[in-house]
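Structure, as structure tokens:
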Amino acid sequence: MKIPRLTPWRRLTGPAILLLAAAAATFPQVIAGVSCGHDFDFHLLSWLEALNGWRHGILYPHWATTPNFGAGEPRFVFYPPLTWMLGALLRFAIKPLRWTPLTEIALLLWATGLGTRALACELLTEGAATLAGCAAIFSGYALFTAYERSAFGELTGGLWIPLLLLFALRDRKPGAPWLARALDGSAAALTLVVAGAWLSNVPLGVMASYLLAAVALAAALLRRSWAPVVRATAAAAIGVGLASFFLVPAAWEQRWVDVKQITDDPGERIENSWLFARHADPAMEFHDTVLLKASIIAVTMLAVALVCLLIAWRRGAMRGRRSLWIPLALIAPAILFLLLPVSLPVWNLLPELKFLQFPWRWLVVLEAPMAIFLAAAVWPERRWLRIAVTAICMLLFAGAAWAACLALTQDCDADDSPWGLQNAFRSGAGVAGTDEYEPPGADDGLVAMGLPGACLVSDPAITLGAPSPDTNPTWDPSQGTCEATLEPSTNSPEHLRLTGSVPHDGYLVLRLRRYPAWRVTLNGKPAEMDDQRDDGLMAIDVQKGPVDLAADWTTTRDVVAGRWLSVLALFLCLLERRMARPHLE
């Protein structure tokens, strides 16, 4: 089928429709209130922390001060930067706090529609491609991610995955030599997509890498050319290189935290999250509730994809462009396989695949193909029928958004609401920490609330705060555990200074978690530290008399190495683009 060229005006019409669709998909939260999904508090606090770092002149923050009730954690070392930087920018620009997450959700859903539409334009007419973009916005998994999970990083997959498929499968010079086919102008764009996926969400980066390998191999077999594999290999290598400023420190510094907790929890294991799995353990009740919703969405999306694929094939919509249609058609059965227990050997065999935690995360890859098959199946040739189909789809999409609002919206506890998190951030009271970012051998649940900046003790392992069965311990001066206290004279996210005097020799327990990137000096000399505390707080050996203690975040060698790799990858990306120019002429 010949796709007509789009006029500039019509090119704007489609994105404008998708923007309205994204706003409509978010609108129920405007009426019913923000959904505080599973990851909502983590992301919103990250935006506040990042903006605070910028206000202190820190362009790329590493340390978040509010977790662990003011003792902090290195969350920005391990969580990719694109979504928390976007959230911080939106928080700076948008004053009403509740509008910040709603705006980011709407923008990411719009990006989902734009990415799907760009891929669909390779196969469908403009109207059908715009319908496909709308279908992706209102797909079950996109709404599940936005309403139930508030997983902003994973929402970016709606943009990166269809663009990855577009640039990996594009073949502008089918009769040219293999190098010209590989360097047809798509490799540099594919490189940026790979980097974008890794810099948005690590599980998304894992999925994107395996998807790229699979579709490149499928395209190579269909075209009988190594060009797709060459392009994918170069783009994957350079794309990971571009993201190395984040990936290298995140990989190297895993030894400095207890990152294994990501997959040690039974609820986070692949083998406990097959379609419609149920468990007798009462501790898995919440997990099973979420899994049931994800399973229903998965079965629905797979059914729609496969049925519409069959209808589109019967209608003749898939004639020609086999090297595009067939890889897209293979995605649905491949994902169905990965959702079933029979696929466990694959999960165990392929490196880092179990890091996804939940098999249903692969549904983000299904959004664009399903939407394209749907548009190809229902979009008619006659104008009046298009109006009817558009009206029906609008009703279905509106119903999907309100159904998601009713079934998936998560109520906000006082502490996890936007205002509760903002109050905890501004007051310095802090919130609980993230388990996988705690120092090895330490326990976030032992960090006391209400601690002073520094507490003088004789025993470096002493327990601070009165224990509680349901919450973290709480410290107050009347407990007598601190023989003297100091408060910071300088306290920015990556610089801490305490000055004063201590009445006797002992240990200053800082309200600051251990981490090797901190350089601590006492009276101008490197401080001696005791690392035996179960709560992971720093305990500094001090002598009687004046104290001038400084803790400064340092740039470690792995960070320097990652930055240089990113610079090298950027050079290679520009070089690849330059090499592609002769082949585009």
Side-chain angles (χ1 to χ4, degrees), residues 39-95 97 100-101 103-104 152-153 156 199-202 243-250 253 256-257 418-434 436-439 447 453 487-498 510-520 538 550-556 558-560 562-563 566:
D39 298 341
F40 180 82
D41 54 344
F42 179 92
H43 288 288
L44 184 57
L45 185 61
S46 295
W47 306 342
L48 297 174
E49 289 279 358
L51 183 57
N52 183 53
W54 292 347
R55 287 169 174 162
H56 282 87
I58 305 170
L59 181 62
Y60 191 103
H62 299 86
W63 190 262
T65 59
T66 307
N68 293 299
F69 308 103
E73 67 184 20
R75 70 165 55 183
F76 298 123
V77 174
F78 298 102
Y79 200 88
L82 288 188
T83 54
W84 54 257
M85 284 190 169
L86 174 60
L89 285 171
L90 292 175
R91 180 69 194 108
F92 175 77
I94 301 173
K95 297 309 176 185
L97 183 59
T100 304
T103 303
E104 182 152 347
F152 294 91
T156 63
L199 293 174
S200 298
N201 182 259
V202 172
S244 288
F245 71 91
F246 160 73
L247 288 175
V248 170
E253 297 181 20
W256 298 346
V257 294
W419 302 273
L421 288 168
Q422 183 171 260
N423 290 336
F425 172 77
R426 290 178 173 176
S427 67
V431 299
T434 309
E436 59 263 31
Y437 301 154
E438 65 190 15
V447 179
E487 292 299 336
S489 57
T490 301
N491 191 11
S492 74
E494 297 182 6
H495 303 280
L496 171 68
R497 188 174 184 185
L498 300 106
L510 308 183
R511 189 176 61 180
L512 186 65
R513 299 301 287 280
R514 298 192 306 266
Y515 199 74
W518 286 111
R519 182 184 63 209
V520 183
M538 294 186 188
D552 299 293
W553 188 269
T554 60
T555 302
T556 52
D558 54 287
V559 174
V560 174
R563 291 173 181 174
S566 291

Q.
Ignoring hydrogens, what is the shortest heavy-atom contact between Phe78 and Ala250? Give both atom names and the distance.
A. CE2-O, 3.5 Å

Q | Of all pairs that satisfy side-chain hydrogen bond (donor to acceptor under 3.5 Å, both in side chains), the ones with a partner from residues 71-85, not counting sequence neighbours | A | Ser46-Arg75, Glu73-Arg75, Glu73-Thr434

Q: Kindly indicate, with the supporting measurements, whether the criterion side-chain contact (heavy atoms from CB on, under 4.5 Å) is fulfilled by Leu498 and Leu510.
A: CA-CA 10 Å; Leu498 300 106; Leu510 308 183; 4.2 Å; yes

Q: Apply side-chain contact (heavy atoms from CB on, under 4.5 Å) to Leu51 and list each qualifying residue two or more places apart in sequence or on a separate chain.
A: Trp54, Arg55, Ala88, Arg91, Phe92

Q: Over all heavy atoms of both residues, which pair between Leu59 and Pro61 is shortest? Give the atoms and the distance, please.
A: O-CD, 3.5 Å

Q: Tell me, please, which residues at least two apart from Pro80 pass side-chain contact (heavy atoms from CB on, under 4.5 Å).
A: Val202, Phe246

Q | Listed partners of Thr556 passing side-chain contact (heavy atoms from CB on, under 4.5 Å), at least two apart | A | Glu253, Trp256, Ala517, Thr554, Asp558, Val559

**Q.** For Trp518 against Glu494, the heavy-atom pair lying closest together
**A.** CZ3-O, 3.6 Å

Q | Test side-chain contact (heavy atoms from CB on, under 4.5 Å) applied to Trp47 and Glu104, step by step | A | CA-CA 11 Å; Trp47 306 342; Glu104 182 152 347; 3.3 Å; yes

Q: Might you point out which heavy atoms bring Val257 and Pro74 nearest each other, and give the distance in Å?
A: CG1-CG, 4.2 Å

Q. Which atoms form the tightest heavy-atom contact between Trp63 and Pro493, and what is the distance?
A. CD1-O, 3.6 Å

Q. CZ of Arg511 to CG of Asn68: how many Å apart, nearest 0.5 Å?
A. 11.5 Å

Q. Nearest 0.5 Å, what's the CG-CG distance between Leu97 and Leu421?
A. 8.5 Å

Q: Using the test side-chain contact (heavy atoms from CB on, under 4.5 Å), find all partners of Thr66 that sit at least two apart in sequence or belong to another chain.
A: Leu45, Glu49, Phe425, Val431

**Q.** Short side-chain to backbone donor-acceptor contact, Thr156 and Phe152, under 3.5 Å
**A.** no

Q) For the atom pair NE2 (His43) and CG (Asp41), what is the distance rounded to the nearest 0.5 Å? A) 9.0 Å

Q) Which heavy atom in Thr100 sits nearest to a heavy atom in Gly87, and how many Å separate them? A) CG2-O, 3.9 Å

Q.
Can you confirm whether Glu438 sits close enough to Val447 that some side-chain heavy atom of one is under 4.5 Å from a side-chain heavy atom of the other?
A. no

Q. Taking Ser200 for the side chain and Leu82 for the main chain, is one N or O donor matched with an acceptor at less than 3.5 Å?
A. no

Q: Identify, with sequence neighbours excluded, every residue that meets side chain to side chain donor-acceptor pair (under 3.5 Å) alongside Asn423.
A: none

